Amino acid sequence: KGRAAIAKARSARETVRLQNELQSTKESLQSIIEEQEATNEELKSANEEVQSSNEELQSTNEELETAKEELQSSNEELTTLNEELQTRNSELSLANNDLNNLLASVQTAIIMVNNELVLRRYTPVAERLLNLIPSDIGRPLSAFSRGQLLPELERHAREVLDTLSLLEREVRDRDGHWFLVRMRPYRTRDNKIEGVVVMLLDMDAHSRAMDAVLGLIGTPVMILGSDLKVRNVNQAFAATFKVDLDRSAGPNVFEIGKGLWDRPEIHELLEVQLRKERSIHNFEFEGDFPGLGERAIRLNATRFAEDSAGNEMIALSIEDITNK
């Protein structure tokens with residue numbers, strides 16, 4: 001009977017122990033379940049973040065693909081542009097070589113200056129005539145002190161830039177040689193003015209020959225440019241009409257001798273009739289000439305080509321026929 005009670009007590013204690021262990025196990029399992037649920041929630045949230053990141057990566061990949069296509073297109077455009085630039089560089093190099101050979105072949109003194117009258121280019125003849133050196137490129141004409149022609153060229157070049165018209169002047173160097181200076185504005189393809197082109201034509205032999213021929217003529221003779229500016233007169237003209245002309249000044253025929261030739265008849269002859277015909281013979285008129293009195297004058301005039309470019313001059317002979 002005592003053994004049964006002991007066994008029963010042991011059984012009861014075992015039951016209590018098992019119940020406690022079961023309860024502890026239940027609580028532990030419940031905690032695990034709750035942790036598992038929390039972990040599942042975190043995994044779910046992480047999965048959503050991964051999916052969102054995946055979508056962003058996919059969008060970024062699409063943008064990269066688009067950027068790659070744009071870069072490829074830009075690369076193709078740059079390749080085409082590079083080819084065009086290479087072609088233009090080749091054309092520019094060829095044009096520059098052509099220009100250098102042309103300038104080297106032209107037996108005329110030519111210089112080019114920009115709007116600030118800074119020297120840009122010159123021919124070999126100009127190099128010898130004006131004593132230029134390669135380092136003079138990029139220097140203004142006002143910086144040159146050597147030679148007599150350069151100061152004259154600077155003055156006339158400024159006049160061309162002011163008027164934007166062709167200018168022709170006869171100038172003489174320190175040795176007494178005569179040159180015809182012809183200047184015109186430097187125009188670009190889009191008609192912008194970017195300087196002056198200066199050409200110097202050696203007129204010394206021509207001028208000396210003309211002076212010699214005119215000196216042999218006893219009748220007063222004037223040589224005019226197409227602009228009616230006096231280029232030359234012979235000694236007979238200077239002596240008869242008491243006119244001392246500086247050829248380099250190039251006065252208008254109507255201005256010389258205090259308007260000696262500023263007469264309606266002369267305007268009619270030079271500005272109207274001679275523009276229609278190449279020659280006018282025996283053009284006669286009467287008038288009062290200061291210092292000479294009433295005179296009957298016979299004029300003969302003819303136009304002739306000055307050079308191969310077609311520029312013309314006018315030879316005008318004056319004969320006093322008062323006594324005839």
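In this chain, residues are counted from 1 in sequence order. Owing to the predicted nature of the structure, the values given are computational and were not obtained by experimental measurement.
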So, [X] side chain and [Y] main chain: donor-acceptor pair closer than 3.5 Å or not?
| X | Y | answer |
| --- | --- | --- |
| Asn234 | Val221 | yes |
| Thr79 | Asn75 | yes |
| Asp320 | Ile297 | no |
| Asn97 | Ser93 | yes |
| Ser28 | Ser24 | no |

Looking at every heavy atom in both [X] and [Y], which two are closest together, and how far apart are they?
| X | Y | answer |
| --- | --- | --- |
| Thr322 | Ala296 | OG1-N, 2.9 Å |
| Leu132 | Ala126 | CD1-O, 4.0 Å |
| Ile314 | Gly225 | CD1-O, 4.3 Å |

Which distance, rounded to the nearest 0.5 Å, do you find between the CD of Glu76 and the CG of Leu81?
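So the gap between those two atoms works out to 13.5 Å.
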From CG (Leu78) to CG (Leu85), nearest 0.5 Å:
10.0 Å
The single option from Leu270, Ile280, Ile266 passing side-chain contact (heavy atoms from CB on, under 4.5 Å) against Leu299
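Between Leu299 and the candidates, side-chain contact (heavy atoms from CB on, under 4.5 Å) is satisfied uniquely by Ile266.
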Please tell me if the side chains of Val233 and Ile256 come closer than 4.5 Å, counting only heavy atoms from C-beta onward.
no
Note, Phe179 side chain near Leu129 side chain (heavy atom, < 4.5 Å)
yes
Could you tell me whether Glu159 and Arg155 have a side-chain N and a carboxylate O separated by less than 4.0 Å?
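No, no charged N to carboxylate O under 4.0 Å.
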Is a salt bridge present between Arg17 and Glu21, judged by a nitrogen-to-oxygen distance below 4.0 Å?
yes
Worked verdict on Asn40 versus Gln36 for side-chain hydrogen bond (donor to acceptor under 3.5 Å, both in side chains):
CA-CA 6 Å; Asn40 288 340; Gln36 182 65 36; 3.1 Å; yes
